[in-house]
Undergrad: 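The structure follows.
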Amino acid sequence: MGLEDGNSENARSWARFLATCLVGGVVVAVGVGFGVSLLGSQERHGPQLPLGFPWRRKKNRPVRVYMDGCFDMMHYGHCNALRQARALGDQLVVGVVSDAEIIVNKGPPVTPLDERMIMVNAVKWVDEVIPDAPYAITEEFMKKLFDEYNIDYIIHGDDPCVLPDGTDAYALAKKAGRYKQIKRTEGVSSTDIVGRMLLCVRERSVSENQHHSSLQRQFSHGHSQKFEDGGSGSGTRVSHFLPTSRRIVQFSNGKTEGHFYYSIPCLDSRMKVLSRTARIVYIDGAFDLFHAGHVEILRIARELGDFLLVGIHTDQTVSAHRGAHRPIMNLHERSLSVLACRHVDEVIIGAPWEISKDVITTFNISLVVHGTVAENNNFQKEQGNPYEVPISMGIFKVLDSPLDITTSTIIRRIVSNHEAYQIRNEKKAASEKKYYEGKSYVTGD
């Protein structure tokens with residue numbers, strides 16, 4: 001007889017026994033005794049559940065999980081990690097590592113703590129954020145997580161996170177039995193993005209070709225680069241990201257308070273139903289290297305209506321207006337980053353450059369907005385103004401951008417300090433090598 005059959009037989013025996021007691025008029029006494037016995041067993045050994053049954057906390061409170069990280073140059077890989085972590089609990093608390101800790105363990109961050117805090121707070125799967133989190137889970141900080149923040153599990157990806165001395169940053173959490181692991185998102189990393197930016201600069205500066213070739217090898221882990229013809233005829237770097245409809249749906253689904261999230265198909269018909277009572281605000285752009293400036297302008301745009309629709313331009317459109325070296329991230333990568341933002345209700349993947357009357361009518365747009373800080377703000381002076389129609393309809397508004405940050409700002413930070421980031425990458429590679437060598441020696445793997 002199997003374990004499940006045994007459990008079923010025991011359950012039937014208890015049912016017959018209780019039925020007998022009920023007839024005898026002593027069900028209350030037996031029930032109390034049975035409850036005490038069962039409770040005592042659970043307190044000593046945990047819930048007696050069949051193998052594979054999902055464990056839930058005995059206390060009547062949500063399961064809280066914790067995940068930390070640098071979240072430097074935050075991309076859709078970070079967002080996907082947070083999405084997976086949130087799925088392991090009811091509430092996700094995120095620790096953002098301080099600038100000082102990043103410098104000691106990895107090298108200088110590209111984006112400072114205040115910008116990284118804006119990015120993490122904007123991810124729709126995040127419930128709470130802890131600033132200045134330590135890079136390593138120390139015993140003191142772990143106790144604080146468990147006692148003050150009521151954290152049940154500490155989450156990290158399946159890629160190693162090693163300290164300068166080669167030890168595992170999550171060793172204590174694993175030892176405590178309060179550690180859970182998620183899958184790393186393949187096809188993107190901060191190091192890879194830095195490499196793309198440096199390659200983009202190389203395209204613009206042939207005279208520095210030899211210097212950037214060495215950087216190319218450094219930031220692409222020695223792999224040869226693949227190129228394809230862009231809309232302008234110049235070679236642009238191909239991302240390793242392979243988009244799937246499932247991943248797009250994962251990022252499209254999910255709800256935060258007061259927000260609507262719809263899947264991509266049949267967007268126009270659903271928006272028509274929504275627009276009977278909602279004020280739809282539209283903003284478009286490249287949203288390349290999605291950064292804190294993007295998040296803040298989206299936040300302000302969302303406050304002007306009931307529903308924020310974001311148009312994301314195609315790679316060819318971005319290249320045509322910003323140069324063959326752009327965009328750094330491809331259309332689907334940029335779309336996922338925008339979809340992960342809590343201020344965004346829906347996106348148009350591959351939005352047209354010019355906002356026509358048909359676009360406004362199809363999506364029942366009430367207001368079209370544009371920020372004061374952008375790569376190109378001369379659109380009203382140029383022939384073929386993309387906002388000519390909404391301006392003529394009196395539904396166009398320019399918004400004051402809270403942050404003076406553009407994609408070019410991020411690229412300039414990298415280029416101006418590329419030697420530091422090269423050293424940072426070398427340090428990371430050395431730490432990972434030391435970690436794996438130590439693991440092989442101890443475990444024999």
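Position 1 is the first residue of the sequence; numbering continues from there.
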Undergrad: Atom CZ in R184, atom NE2 in H156: separation rounded to 0.5 Å?
TA: 10.0 Å
Undergrad: Are the charged groups of R334 and D315 less than 4.0 angstrom apart, N to O?
TA: yes
Undergrad: Which heavy atom in D288 sits nearest to a heavy atom in P327, and how many Å separate them?
TA: OD2-CA, 3.2 Å
Undergrad: How many angstroms lie between atom CZ of R178 and atom CE of M142, to the nearest 0.5 angstrom?
TA: 8.5 Å
Undergrad: Less than 4.0 angstrom from a charged side-chain N to a carboxylate O is my criterion; do R64 and D90 meet it?
TA: no
Undergrad: So is R279 actually on top of F307's ring, under 6.0 Å and inside 45° of the axis?
TA: no
Undergrad: Side chains of T111 and D72: is there a donor and an acceptor less than 3.5 Å apart?
TA: yes
Undergrad: Can you sort out the partners of Y282 under ring pair (Phe, Tyr, Trp, His ring centres under 6.0 Å), two or more places apart, ordered by chain and number?
TA: none
Undergrad: Picking from D152, V94, I137, what satisfies side chain to side chain contact (heavy atoms under 4.5 Å, CB included) with Y66?
TA: I137
Undergrad: If the test is side chain to side chain contact (heavy atoms under 4.5 Å, CB included), which one of V123, V93, L92, V120 qualifies with V129?
TA: V120
Undergrad: With a 4.0 Å cut-off on N to O distance, would you call D345 and R302 a salt bridge?
TA: yes
Undergrad: For H78, enumerate each residue passing the ring pair (Phe, Tyr, Trp, His ring centres under 6.0 Å) test, keeping only those at least two apart in sequence or located in another chain.
TA: F71, H75
Undergrad: Going by salt bridge (charged side-chain N to carboxylate O under 4.0 Å, His left out), name the pairs with one or both residues in residues 129-144, residues two or more places apart or in two chains.
TA: K143-D147
Undergrad: Scan side-chain atoms only and decide if E296 and S401 contain a donor-acceptor pair under the 3.5 Å cut-off.
TA: no
Undergrad: Hey, does the side chain of E333 reach the backbone of Y76 with a donor-acceptor pair shorter than 3.5 angstrom?
TA: no
